[in-house]
Amino acid sequence: MSETPRRIPRHIWGKLLLLALICYFLVPVWWLLVASTKNAEGLFSGSGALWFKGGFHFFENLHDLFAYNNGEFLTWLGNSVLYALTGGIGCTIISVLAGYGFAKFKFRGRNIVFAAVLGSVVVPLTSLVIPTFVMMTNIGLIDTIWAVILPSLLSPFAVYLMRVYAAASIPDELLDAARIDGAGELRTFFKVALPLMRPGVITVLLLSVVATWNNFFLPLVMLSTSKLYPLTVGITLWTTLASSNNGGGQSLWNLIIVGSLVSIIPLVIAFLTLQKYWRGGLAVGSLK
């Protein structure tokens, strides 16, 4: 009798799909890491794009990156950190307070206001840049850091996310018990509600920081002074100069590659740093 052919378990296909997705997302990062070790000649050699070849020039490229044009990359890096931290933390505070208020307080017009917030989620952010530019022009904030920070403080999606999370994770009975014990609204929020909302708060913080860090179109429109540029706009400026061979006799492509690699390191650090608080918040939220 012939043996019945074995069937491939279904979970194998899922693992293969997951492996393919991992490769899809990691190959560009690997290429960026490999390319950052090459000089300008090695980048355009046409061979060994995904492997180290032609010498190891990473530290040389890093030195040139920080020294080019009197260290303007460090200025852009500091600007990105300022915009991301200020905008991310401010957006998180506003979103947490607004989401908690929508979820746990009843007031006239609550559903209408929240429907307006929810409707604004589907509005493309690029369509709001021009009205924001006009508004910032009228109040004299164009070409200042506030022209980037203030619009970053508002995120309808973050408000929606915190409203849903607060409604699901904070029992009304727990808040009523705290009020019966004599706790005021502020103490109830900080001592009872906020610890239960920690995973949602960390999620909103990470999303806000990443969105502000990667924001390109808003600072491009609002800023005209290169010293105020974030990394996204600054590296694009270098790309334009490199494409037009206007780098002052120095090839900028290796600096662009290394700068792109350096620009993602703070996001990785932020995620790894906040991850423990994320897990801790999940544990706290599971307690009754």
Shortest non-hydrogen separation from [X] to [Y] and the atoms involved:
X: Ser208; Y: Cys91; value: OG-SG, 3.4 Å
X: Val159; Y: Ala98; value: CG1-CB, 3.9 Å
X: Arg163; Y: Ala103; value: O-CB, 3.6 Å
X: Leu153; Y: Ile94; value: O-CD1, 3.8 Å
X: Val233; Y: Phe216; value: CG2-O, 3.8 Å
X: Met136; Y: Ala147; value: SD-CA, 4.2 Å

Report yes if some heavy atom in the side chain of [X] is under 4.5 Å from a heavy atom in the side chain of [Y]; otherwise report no.
X: Ile142; Y: Met222; result: yes
X: Ile139; Y: Trp146; result: no
X: Val204; Y: Val96; result: no
X: Asn70; Y: Thr75; result: no
X: Tyr165; Y: Tyr100; result: no
X: Asn79; Y: Tyr83; result: yes
X: Val81; Y: Pro266; result: no
X: Asn254; Y: Glu60; result: no

Parallel, tilted or perpendicular: rings of Trp238 and Tyr68 (30°, 60°):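 Perpendicular: the ring planes of Tyr68 and Trp238 meet at over 60°.
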Any donor-acceptor N/O pair, Trp76 side chain to Ser226 backbone, under 3.5 Å: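 Flag set: sc Trp76 to bb Ser226 pair under 3.5 Å.
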Check: Thr225 side chain, Leu228 main-chain N or O, donor-acceptor pair, under 3.5 Å: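 A pair under 3.5 Å: no.
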Check the hydrophobic clustering (I, L, V, M, F, W, Y; side-chain heavy atoms under 4.5 Å; chains of links allowed) and say if [X] and [Y] are grouped together.
X: Ile202; Y: Val268; value: yes
X: Leu97; Y: Leu186; value: yes
X: Leu74; Y: Ile257; value: yes
X: Trp31; Y: Leu33; value: yes
X: Val122; Y: Phe114; value: no

Tell me whether [X] at atom [atom1] has more than 12 heavy atoms from other residues, nucleotides or ligands lying less than 6.0 Å away.
X: Tyr229; atom1: OH; value: yes
X: Tyr24; atom1: OH; value: no
X: Arg110; atom1: CZ; value: yes
X: Phe59; atom1: CZ; value: no

Nearest-0.5 Å distance, [atom1] of residue [X] to [atom2] of residue [Y]:
X: Ser95; Y: Phe102; atom1: OG; atom2: CZ; value: 11.0 Å
X: Ile180; Y: Glu173; atom1: CD1; atom2: CD; value: 10.5 Å
X: Leu207; Y: Leu161; atom1: CG; atom2: CG; value: 7.0 Å
X: Thr212; Y: Ile89; atom1: OG1; atom2: CD1; value: 10.5 Å
X: Ile235; Y: Ile256; atom1: CD1; atom2: CD1; value: 8.0 Å
X: Leu255; Y: Ser36; atom1: CG; atom2: OG; value: 12.0 Å

Partner residues of Arg179 under the side-chain hydrogen bond (donor to acceptor under 3.5 Å, both in side chains) criterion, sequence neighbours left out: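 Partners of Arg179 by the side-chain hydrogen bond (donor to acceptor under 3.5 Å, both in side chains) criterion, ordered by chain and then number, come out as Asp176, Glu185.
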Partner residues of Asn215 under the side-chain hydrogen bond (donor to acceptor under 3.5 Å, both in side chains) criterion, sequence neighbours left out: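 Counting only residues at least two positions away or on another chain, Asn215 forms no side-chain hydrogen bond (donor to acceptor under 3.5 Å, both in side chains).
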Side chain to side chain contact (heavy atoms under 4.5 Å, CB included) between Ile264 and Leu32, worked out: CA-CA 11 Å; Ile264 67 175; Leu32 185 64; 4.3 Å; yes
CA sep, side-chain torsions, deciding dist, call: Ile170, Leu175, side chain to side chain contact (heavy atoms under 4.5 Å, CB included): CA-CA 8 Å; Ile170 306 174; Leu175 300 179; 3.8 Å; yes
Connected hydrophobic set around Ile269, excluding itself, where side chains approach under 4.5 Å: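 Listed partners: Ile265.
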Side chain to side chain contact (heavy atoms under 4.5 Å, CB included) between Phe73 and Leu231, intermediate numbers included: CA-CA 7 Å; Phe73 181 85; Leu231 285 176; 3.4 Å; yes
Derivation of the side chain to side chain contact (heavy atoms under 4.5 Å, CB included) call for Thr236 and Leu220: CA-CA 10 Å; Thr236 303; Leu220 178 65; over 6 Å; no
